[in-house]
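Values reported hereafter were calculated over all heavy atoms of this structure, with side chains retained and with hydrogens, waters and symmetry mates removed. In what follows, residues are counted from 1 in the order of the sequence shown.
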Amino acid sequence: MPSRLKLIVAYDGAPFSGWQSQSNGNGIQDHLENAFQCICSERVRVHGAGRTDAGVHALAQCAHVDLPVRRYGADRWRAALNGVLPPTIRIMQCRFAAQSFHARFSAKGKIYRYRIWNAEVLPPLENGRAWHVREALDRAAIAASAELFVGRHDFLSFAANRGAPVADPARTIRRVLVRHSGSLLSIEFEADGFLYKMARLMVGALVQVASGKASPDEIRARLRHPRLRSTDARNVAPAGGLFLIRVRY
């Protein structure tokens with residue numbers, strides 16, 4: 001029986017085409033599978049907890065892989081993989097898991113954090129890691145409007161079309177935490193799951209409200225009537241400000 005290895009993976013999403021394997025071979029999944037093949041001379045499939053888009057970062061993406069042979073201990077696998085992966089992808093933790101564990105289907109929820117730099121000048125080390133918004137934002141309005149997302153809602157109007165209909169667009173937002181320190185504003189969402197570009201569309205709507213370009217009533221209306229799909233507040237926040245913080249099991 002193959003051994004199932006559980007991985008906690010961190011990556012800078014900027015150089016890659018997202019998590020999922022791509023025809024250009026530049027998905028995070030592609031690089032992980034290539035690393036395994038380099039070490040064990042056999043192609044294996046890496047399963048992730050979810051698909052992050054191109055440019056989105058992760059501090060703790062979870063994945064698993066079934067190894068044909070249990071030749072190394074978990075710590076040795078971590079060192080071996082990090083030895084061949086690009087430096088913008090790191091295996092942070094590695095351990096063996098039961099065959100019943102599945103990175104995607106065993107997940108109970110995810111935490112995403114979005115970072116906004118709200119000032120005239122963006123520090124160079126924040127480039128690609130925060131959304132640079134120059135105009136003044138009403139931070140109290142962001143915090144108040146963010147609470148509208150908490151609870152179970154149909155989030156179809158806060159999702160992009162991936163080409164196939166979503167069987168069930170209802171998701172439960174358990175918590176939204178808004179923090180600010182100087183020019184940096186962060187919005188953290190904890191949910192049982194996220195639709196395609198859902199976090200970025202929610203942040204985009206909050207920034208529209210905070211800049212006075214939309215009313216909180218528009219968020220309420222989109223949650224109440226998700227199939228109207230009004231484009232008034234469908235502002236997609238850039239990918240570079242989004243981080244997958246944790247997958248809960």
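For the residue pair N34/R43, the side-chain donor-acceptor check at 3.5 Å is satisfied.
Looking at E190 and R246, no side-chain N of the basic residue comes within less than 4.0 Å of a carboxylate O on the acidic one, giving no salt bridge. Between R129 and D12, at least one side-chain nitrogen of the basic residue sits less than 4.0 Å from a carboxylate oxygen of the acidic one, meeting the salt-bridge criterion.
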>> side chain to side chain contact (heavy atoms under 4.5 Å, CB included) for W77 and S3? Distances and angles first, verdict last.
In response: CA-CA 12 Å; W77 270 111; S3 296; over 6 Å; no
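With contacts defined as side-chain heavy-atom distances shorter than 4.5 Å, the pair F96/L67 qualifies. Under the 4.5 Å side-chain criterion, counting only non-hydrogen atoms from C-beta, I173 is in contact with M202. For the pair S100 and F105, the minimum side-chain heavy-atom distance is 4.5 Å or more. Put simply, the side chain of E188 reaches to within 4.5 Å of the side chain of R175, judged on heavy atoms.
Listed for the H57 side chain is no donor-acceptor partner under 3.5 Å among the backbone atoms of F243.
For R76, the CZ atom counts as loosely surrounded, since its 6.0 Å shell holds 12 or fewer non-hydrogen atoms of other residues, nucleotides or ligands. More than 12 heavy atoms of other shown residues, nucleotides or ligands fall within 6.0 angstrom of atom CZ in R152.
Hydrophobic clustering, defined by side-chain heavy atoms of Ile, Leu, Val, Met, Phe, Trp and Tyr closer than 4.5 Å, groups L122 together with W117, L184.
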